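Below you'll find the structure, written out as structure tokens, and then a few comments.
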Amino acid sequence: MEVEVDRALALFGLPVSGKRVVLKPNFVEFDPLGVINTNPALVGVVAQAFRRLGARTVVIAEGPGHRRDNAYLLSASGLLDMMRDLRVPYVDLNTDEVERLACRSSYSGLRELWLPRTVLEADVIVSMPKLKTHHWAGVTLSMKNLFGIMPGAVYGWPKNVLHQHGIEQSILDISAALPRPPFTIVDGIIGMEGNGPIQGTAVDAGVLIFGDDPVAVDATAARLMEIDPLKVDYLREAGRFLGNIDAARIEQIGETVHGNSRPFALLTQRADLRQAGG
């Protein structure tokens with residue numbers, strides 16, 4: 001895994017020397033089978049890779065929406081052992097100091113968002129979602145992973161305020177509010193299909209997806225799951241003003257989508273997201 005991560009990061013030439021890098025994985029619940037959360041081993045490999053690239057600091061930061069007890073979640077997930085071994089610091093974004101940002105888009109009806117200083121002061125933010133379907137939004141990838149930067153101390157558990165204002169609408173407003181788009185590394189080693197993001201079924205997908213346009217990455221990941229990104233409402237809308245969703249305009253390096261795609265099962269009510277002919 002280390003070789004693959006180093007090679008992928010080298011292709012993008014990220015200017016990280018002397019910079020502060022914040023890794024934002026997806027840690028939701030106790031996950032003994034490795035299906036729900038971003039693989040801790042991958043997070044550790046990525047942290048080391050950025051250190052080798054000369055990053056001044058590398059921090060892991062997450063604001064879990066379901067578990068208020070971060071100590072339990074970190075220990076049960078295996079992330080704590082990895083961080084101790086590699087001496088990588090962790091920030092609980094649920095309780096981090098916050099700053100107010102005016103919304104740059106108006107999908108959710110929220111006029112302002114309170115974001116953690118750890119995120120706002122980062123030179124490079126790396127969104128590290130799991131490759132999963134979502135029972136309401138269709139897919140949960142890089143953009144949906146940004147729910148975890150929203151402090152629970154402000155938005156409740158499981159980020160109730162954002163749910164009340166619309167999950168897909170909030171995804172768009174959060175993504176638009178960030179000072180810079182995150183770099184993305186999708187953990188598709190083991191994915192999830194069906195009743196995601198917590199109660200779905202494991203899929204041995206065996207892929208990692210890297211990209212500097214989170215919209216393009218999410219569209220590509222959806223296509224790997226044989227889900228039409230144009231039928232995922234928030235992805236289609238994000239393609240209008242946040243990034244690129246058109247496959248013909250996405251510069252893809254490495255393996256092809258066609259050679260690695262497989263159908264991910266969806267809940268019945270989300271069957272309309274399937275690609276034509278899928």
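Counting begins at 1 with the first residue of the sequence. This one's a predicted model, so the numbers in the text were calculated from it and none came from an experiment.
Taking every heavy atom of both residues into account, W157 and G152 meet most closely at CZ3-O, 3.3 Å. Residue A176 comes nearest to S105 through the heavy atom pair CB-OG, 3.6 Å, listed as atom of the first residue, atom of the second, then distance. Listed here is the closest heavy atom pair of E2 and R52: CG-NH2, 3.4 Å. When all heavy atoms of A49 and V5 are compared, the pair lying nearest together is CB-CG1, 3.9 Å. In terms of heavy-atom proximity, L101 sits nearest to A177 at CD2-O, 3.3 Å. Pairing each heavy atom of L242 with each of L172, the nearest pair is CD1-O, 4.1 Å.
At distances below 3.5 Å, at least one donor-acceptor pair connects side-chain atoms of T38 with backbone N or O atoms of M128. A donor-acceptor pair is defined here as one N or O able to donate and one able to accept, closer than 3.5 Å; such a pair exists between the side chain of D213 and the backbone of N244. D218 places a side-chain N or O within 3.5 Å of a backbone atom of S142 that can act as its donor or acceptor partner. R56 contributes no side-chain N or O that, together with a main-chain N or O of K19, makes up a donor-acceptor pair within less than 3.5 Å. A donor-acceptor pair under 3.5 Å links the side-chain atoms of K159 to the main chain of M150, judged by distance alone. A donor-acceptor pair under 3.5 Å is formed between the side chain of D187 and the backbone N or O of N39. A distance-only check finds no donor-acceptor pair linking the side chain of S106 to the backbone of G109 [under 3.5 Å]. Judged by distance alone, with hydrogens and angles left aside, the side-chain atoms of S170 form a donor-acceptor pair with the main-chain N or O of L162 at under 3.5 Å. T220 places a side-chain N or O within 3.5 Å of a backbone atom of A216 that can act as its donor or acceptor partner. For the pair Q252 (side chain) and E255 (backbone), a donor-acceptor distance under 3.5 Å is present.
L23 and I174 fall into different hydrophobic clusters, where Ile, Leu, Val, Met, Phe, Trp and Tyr residues are linked whenever their side-chain heavy atoms come under 4.5 Å apart, directly or through other members. Note: the hydrophobic cluster containing V126 does not contain I171 (ILVMFWY, side chain heavy atoms under 4.5 Å, direct or indirect links). If you chain together hydrophobic residues whose side chains sit under 4.5 Å apart, F27 and V45 fall into the same group. Note: the hydrophobic cluster containing L208 also contains V124 (ILVMFWY, side chain heavy atoms under 4.5 Å, direct or indirect links). L131 and V215 fall within the same hydrophobic cluster, defined by Ile, Leu, Val, Met, Phe, Trp and Tyr side-chain heavy atoms under 4.5 Å apart, directly or through other members.
You'll find the side chain of V59 stays beyond 4.5 Å of the side chain of V21, heavy atoms only. In this structure, the side chains of V35 and T201 stay at 4.5 Å or more apart for every pair of heavy atoms. The closest side-chain heavy-atom distance from R240 to I245 is not below 4.5 Å. Annotation: side chain of I60 is in contact with side chain of V43 (closest heavy-atom distance under 4.5 Å). Taking 4.5 Å as the limit, every side-chain heavy atom of D123 sits out of range of all side-chain heavy atoms of R180. For the pair V46/I185, a side-chain contact is recorded, criterion being any heavy-atom separation below 4.5 Å from C-beta on. You'll find the side chain of R223 reaches within 4.5 Å of the side chain of P229, heavy atoms only. Looking only at side-chain heavy atoms (C-beta outward), Q48 and V58 stay at 4.5 Å or farther from each other.
Summarising the geometry, atom CG belonging to N145 is positioned 4.0 Å from atom OG belonging to S127; distances are rounded to the nearest 0.5 Å. Between Y155 atom OH and Q164 atom CD the span is 12.5 Å, to the nearest 0.5 Å. Atoms CG and CD1, from L141 and I209 in turn, are 7.5 Å apart once rounded to the nearest 0.5 Å. To the nearest 0.5 Å, atom SG of residue C103 and atom CG of residue L110 are 5.5 Å apart. Separation of atoms NE2 (H134) and CG (N195) is listed at 9.5 Å; rounding is to 0.5 Å. Expressed to the nearest 0.5 Å, how far CG of L230 lies from CG of D233 amounts to 11.0 Å.
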task: Verify side chain to side chain donor-acceptor pair (under 3.5 Å) between S77 and D31, making sure each step is shown before the conclusion.
output: CA-CA 6 Å; S77 67; D31 183 21; over 6 Å; no
message: For K130 and N37: C-alpha separation, side-chain torsions, deciding distance, then whether side chain to side chain donor-acceptor pair (under 3.5 Å) applies.
response: CA-CA 6 Å; K130 194 82 167 172; N37 301 325; over 6 Å; no
- request: In sequence, state the C-alpha distance, the side-chain angles, and the governing distance for V161 and H165, and then conclude on side-chain contact (heavy atoms from CB on, under 4.5 Å).
  value: CA-CA 6 Å; V161 173; H165 283 263; 3.9 Å; yes
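The residues E4 and R7 are annotated as not salt-bridged, no charged nitrogen and carboxylate oxygen being separated by less than 4.0 angstrom. Here E62 pairs with K24 in a salt bridge; the nearest charged N to carboxylate O distance falls below 4.0 Å.
Every side chain to side chain donor-acceptor pair (under 3.5 Å) that E97 has, sequence neighbours left out, goes to R117. Take A61 and apply the side-chain contact (heavy atoms from CB on, under 4.5 Å) test, not counting sequence neighbours, and it matches V22, V91, L93, T118. Legend: residues meeting side-chain contact (heavy atoms from CB on, under 4.5 Å) with I125, ordered by chain and number and at least two apart, are V119, A122, P182. Shown here are the side-chain contact (heavy atoms from CB on, under 4.5 Å) partners of A76, two or more places apart in sequence or in another chain: F30, Y72. In this view, N70 and Y90 satisfy the side chain to side chain donor-acceptor pair (under 3.5 Å) rule, not counting sequence neighbours. Checked against side-chain contact (heavy atoms from CB on, under 4.5 Å), Q169 has the following partners two or more places apart in sequence or in another chain: Y107, S108.
Between H163 and F147, the two ring planes are perpendicular [angle over 60°; tilted spans 30° to 60°].
Separation of the F210 and F12 ring centroids does not fall under the 6.0 Å cut-off.
Side-chain contact, K132 with N26: a donor N or O sits under 3.5 Å from an acceptor N or O.
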